[in-house]
A.B. asks: 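Shown below is the structure under consideration.
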Amino acid sequence: MADRKRASWGSGELYDLLCLMMLGCCVWLLGVQLGAFRWLDALIIGHQLSDLFMLGFFMGLGAFVASVSKSVRLRRAIRERDTAEAQASEAARHDPLTGLSNRRRFIESLEARRRSRSAAAGGSRLSVFLIDLDRFKPVNELYGREAGNAVLCAVGERLERALPSGSSLARLDGDEFIALVETGSDGEALARIAQGLIAAVSAPVSWQGHEIKVGATVGIADAGREAGSADAVLHAADLAMGQGKRDGRGTYRVFETAMDERLKARARLETDLRVAIDQGQIEPFYQPVVALPGQAVTGFEVLARWRHPERGLLAPAVFIPVAEETGMIGDLSTLILRRACLDARDWPNHLQLAVNIAPQQFQEVGLAERITAILTETGFPAERLEVEITETAIVQDMEATRATLTKLQSLGVRVALDDFGTGYSSLYHLRELRFDKLKIDRSYVNSIAQGDDRAKLVDAIIKLGNSLGLVTTAEGIECETSLDWLSNQGCDYGQGYLFGRPMPKAEVERQFSEGLLRPSVPAVKAA
Ligand code: C2E
Ligand code: MG
Ligand code: MG
């Protein structure tokens with residue numbers, strides 16, 4: 001269309017044509033006046049005819065010059081257009097920052113390589129290496145985008161050098177690079193190349209006097225024809241890389257079909273969990289907490305269980321992390337707390353209920369109000385509720401955690417620091433926030449019976465609690481030896497399979513009615 005337009009005469013070009021023909025006319029007139037065409041009279045019979053012949057000649061000459069100039073201009077325009085098109089197509093296939101190929105060009109080279117290989121593939125193997133930078137985000141945040149760009153360019157150059165000759169390298173999005181590599185058939189070649197790439201990226205990059213360090217995690221996938229479409233190959237490498245990230249970064253993983261299955265299973269779990277929360281398939285189980293040394297039940301810890309229609313009863317380790325990552329934990333906790341309050345409000349009224357609150361929930365606005373609303377709605381007294389939090393919540397947002405805890409404590413809710421000894425075990429956290437209870441993690445309690453040195457730490461935690469005016473609960477008591485030792489050290493409460501496993505409401509009530517659980521008023525220490 002554009003070419004046709006360019007090939008026809010435009011108004012400017014018609015003007016040129018007329019001007020040149022007029023110029024021809026003028027030359028003819030001048031020639032007639034000067035008698036320059038007399039020599040033609042001998043050739044063409046008749047004076048008039050020779051003048052007319054020359055008029056035609058000069059006007060034709062003007063038209064000819066006009067058309068030659070048009071064709072020259074047309075050729076130049078076509079050449080410029082072709083150059084611009086070639087430049088645009090190159091730009092569309094390259095990453096402007098590093099000058100490397102981009103995703104589009106990489107896919108084209110992958111397909112081209114597959115086509116050219118089919119005849120002479122021999123024992124060689126075509127693989128893609130997806131290289132994702134570790135700790136790149138903080139570089140942008142700490143030093144700014146310019147530093148980030150410098151790191152990406154340096155990484156691009158180093159990767160090019162570290163790859164075997166004949167490989168193609170491209171930058172995908174952000175801090176992701178991808179390489180197409182042909183190796184021999186031995187499996188170790190992949191590991192060698194991946195380690196080389198990681199080492200190349202991990203060396204510090206000097207930028208304006210700073211030594212900036214990033215790392216790399218590499219996902220490797222087969223890129224031969226049998227591996228499916230280019231998109232499928234990239235997806236497989238991405239899954240392998242994701243596995244590497246989960247396994248601790250700075251490493252490489254080769255794609256296995258199981259990774260895809262795990263991811264699909266995880267997606268299914270997410271969908272099922274949403275339905276489970278909506279349909280109330282998540283239910284509270286209750287594990288007794290006893291006072292030491294008498295072992296009278298003073299309350300229960302509420303532990304979530306999923307009564308899955310096909311998979312049976314699922315433990316929290318299967319679904320709580322998913323609920324936390326997907327943001328469903330708020331709804332799940334509301335469901336559990338409401339049901340637990342309804343279950344326990346008719347139990348002897350000195351029995352405490354301890355509920356776990358996930359760190360992510362402290363980031364939600366209105367957590368304290370939500371808990372208060374459930375207490376009001378169910379008629380469960382705030383003084384009988386204890387919330388268990390872990391130090392992760394404090395680390396993530398100390399001020400939000402403090403605000404929520406203060407509101408809850410002002411209502412009479414008690415606060416326990418759960419799993420003490422596993423995470424940060426920070427005195428700073430104990431000083432900054434006002435807790436009512438320390439729960440010693442079961443990994444320490446387990447070790448008591450084995451005479452492990454960690455028993456000394458349990459003793460230290462109990463004494464620390466005492467000196468700060470906090471009561472202590474030991475989790476995971478499974479044998480009499482641990483029970484006796486903890487009682488002697490002055491631990492206030494105990495929880496563990498020795499006293500009872502987490503059980504459904506009906507079982508708690510059966511055990512009460514048969515006198516298997518001995519409730520008594522807890523001996524709460526003055527804080
Ligand atoms: P946790 O809060 O530290 O709960 C104690 C865990 O120790 C429970 O595991 C309990 O069954 C287990 N346990 C108690 N006594 C013994 C024992 O003598 N031996 C052994 N081996 N284990 C014992 P569970 O129920 O699997 O819960 C695991 C974690 O899941 C809990 O640790 C808690 O962090 C989380 N969780 C459970 N329910 C909820 C919930 O409703 N909301 C939130 N946010 N987290 C929950
Ligand atoms: Mg707990
Ligand atoms: Mg715990």
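Everything numeric in this text was worked out from a predicted model, so none of it was measured. Whatever order the structure lists them in is the order used to number ligands and atoms, beginning at 1. FYI, side chains are in, hydrogens and waters are out, and symmetry mates aren't considered; it's all heavy atoms of this structure. Position 1 is the first residue of the sequence, and the numbers go up from there.
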A.B. asks: Between ligand 1 and P502, is the shortest N or O to N or O distance under 3.5 Å?
C.D. replies: no

A.B. asks: Could you check whether K245 pairs with D134 (Lys NZ or Arg NE/NH1/NH2 to Asp/Glu carboxylate O, under 4.0 Å)?
C.D. replies: yes

A.B. asks: Counting only heavy atoms, tell me which of L337, I389, I320 gets closest to atom 40 (C) of ligand 1.
C.D. replies: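 Among L337, I389, I320, the closest heavy atom to atom 40 (C) of ligand 1 comes from I320.
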
A.B. asks: To make sure I understand the geometry: which N, O or S atom in E301 is closest to the Mg ion (ligand 2)?
C.D. replies: OE2

A.B. asks: Hey, are T422 and D419 close enough side-chain-wise for a donor-acceptor pair under 3.5 Å?
C.D. replies: no

A.B. asks: Can you sort out which atoms of ligand 1 are near E478, meaning under 4.0 Å from one of its heavy atoms?
C.D. replies: 17 (C), 18 (O), 19 (N), 20 (C), 21 (N)

A.B. asks: Dump the intermediate steps for side chain to side chain contact (heavy atoms under 4.5 Å, CB included) on E391 and L417, then the final yes or no.
C.D. replies: CA-CA 7 Å; E391 285 180 287; L417 186 56; 3.8 Å; yes

A.B. asks: Just how far is it from atom CG of D132 to atom CG of D175, taken to the nearest 0.5 Å?
C.D. replies: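 The distance works out to 4.5 Å.
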
A.B. asks: Inspect the contact between E261 and K264 and indicate whether a charged nitrogen and a carboxylate oxygen are less than 4.0 angstrom apart.
C.D. replies: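 E261 and K264: not salt-bridged.
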
A.B. asks: Backbone or side chain, does any N or O of E324 fall under 3.5 Å from an N or O of ligand 1?
C.D. replies: no

A.B. asks: Output yes when E270 and R266 qualify as a salt bridge under the 4.0 Å nitrogen-oxygen rule, no when they do not.
C.D. replies: yes

A.B. asks: Would you mind running through ligand 1 and noting each atom that sits below 4.0 Å from a heavy atom of Q287?
C.D. replies: 10 (C), 14 (C), 15 (N)

A.B. asks: Could you work out, for atom 9 (O) of ligand 1, the closest of E475, R442, R501, Q495 by heavy-atom distance?
C.D. replies: R442

A.B. asks: For a distance under 2.8 Å, tell me if E475 has an N/O/S atom near the Mg ion (ligand 2).
C.D. replies: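 Checking the Mg ion (ligand 2) against E475, no N, O or S atom falls under 2.8 Å.
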
A.B. asks: Mind checking whether S333 has an N or O less than 3.5 Å away from an N or O of ligand 1?
C.D. replies: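 Looking only at distances, the answer is no, because the N/O contact criterion of under 3.5 Å is not met.
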
A.B. asks: Counting non-hydrogen protein atoms only, what is the nearest one to atom 41 (O) of ligand 1? Give residue, atom name and distance.
C.D. replies: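 Ranked first by proximity to atom 41 (O) of ligand 1 is A304 CB, 3.5 Å.
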
A.B. asks: Does R103 make a cation-pi contact with F106, if we ask for NZ or CZ under 6.0 Å from the ring centre and within 45° of the axis?
C.D. replies: no

A.B. asks: Checking only N/O/S atoms, does D418 have one that is under 2.8 Å from the Mg ion (ligand 3)?
C.D. replies: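 D418 does place an N, O or S atom closer than 2.8 Å to the Mg ion (ligand 3).
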
A.B. asks: In the protein, which heavy atom is nearest to atom 31 (C) of ligand 1, and how far is it?
C.D. replies: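 Answer, as residue, atom name and distance: L303 CD2, 4.2 Å.
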
A.B. asks: More than 12 foreign heavy atoms under 6.0 Å from CD of E146: is that the case here?
C.D. replies: no

A.B. asks: Atom OG1 of T472 and atom CZ of F420: how far apart are they, to the nearest 0.5 Å?
C.D. replies: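 T472 OG1 to F420 CZ: 11.5 Å, rounded to 0.5 Å.
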
A.B. asks: What I want to check is whether the side chains of Q409 and D436 have a donor and an acceptor closer together than 3.5 Å.
C.D. replies: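 Side-chain D/A pair, Q409 to D436: present.
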
A.B. asks: What protein heavy atom is closest to atom 18 (O) of ligand 1, reported as residue, atom name and distance in Å?
C.D. replies: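 Residue, atom and distance for the closest contact: Y497 N, 2.9 Å.
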
A.B. asks: Quick one: does A315 get a heavy atom under 4.0 Å from ligand 1?
C.D. replies: no

A.B. asks: For ligand 1, is there an N or O atom under 3.5 Å from any N or O atom of D418?
C.D. replies: yes

A.B. asks: Does ligand 1 have an atom under 4.0 Å from some heavy atom of K439?
C.D. replies: no

A.B. asks: Run the salt-bridge test on K437 and E388 with the 4.0 Å N-O cut-off and return the result as yes or no.
C.D. replies: no

A.B. asks: Which of the numbered atoms in ligand 1 are under 4.0 angstrom from any heavy atom belonging to R305?
C.D. replies: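 Near R305, meaning under 4.0 Å from one of its heavy atoms, ligand 1 has 11 (O), 25 (O).
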
A.B. asks: Please list the nearest protein heavy atom to atom 36 (N) of ligand 1 with its residue and the distance rounded to 0.1 Å.
C.D. replies: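 In this structure, atom 36 (N) of ligand 1 has P316 CB, 4.0 Å as its nearest protein heavy atom.
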
A.B. asks: Rounded to the nearest 0.5 Å, how far does CG of N140 lie from CG of L152?
C.D. replies: 7.5 Å

A.B. asks: Can a salt bridge be assigned to the pair E386 and K439 using a cut-off of 4.0 Å between side-chain N and carboxylate O?
C.D. replies: no

A.B. asks: Report whether any nitrogen, oxygen or sulfur of D419 sits less than 2.8 Å from the Mg ion (ligand 3) (N, O or S, backbone or side chain).
C.D. replies: yes

A.B. asks: Angle at the Mg ion (ligand 2): provide the value between OE1 of E388 and OD1 of N356, rounding to 10 degrees.
C.D. replies: 90°

A.B. asks: If the cut-off is 4.0 Å to any non-hydrogen atom of D419, which atoms of ligand 1 fall inside it?
C.D. replies: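 Counting from 1, the qualifying ligand atoms are 3 (O).
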
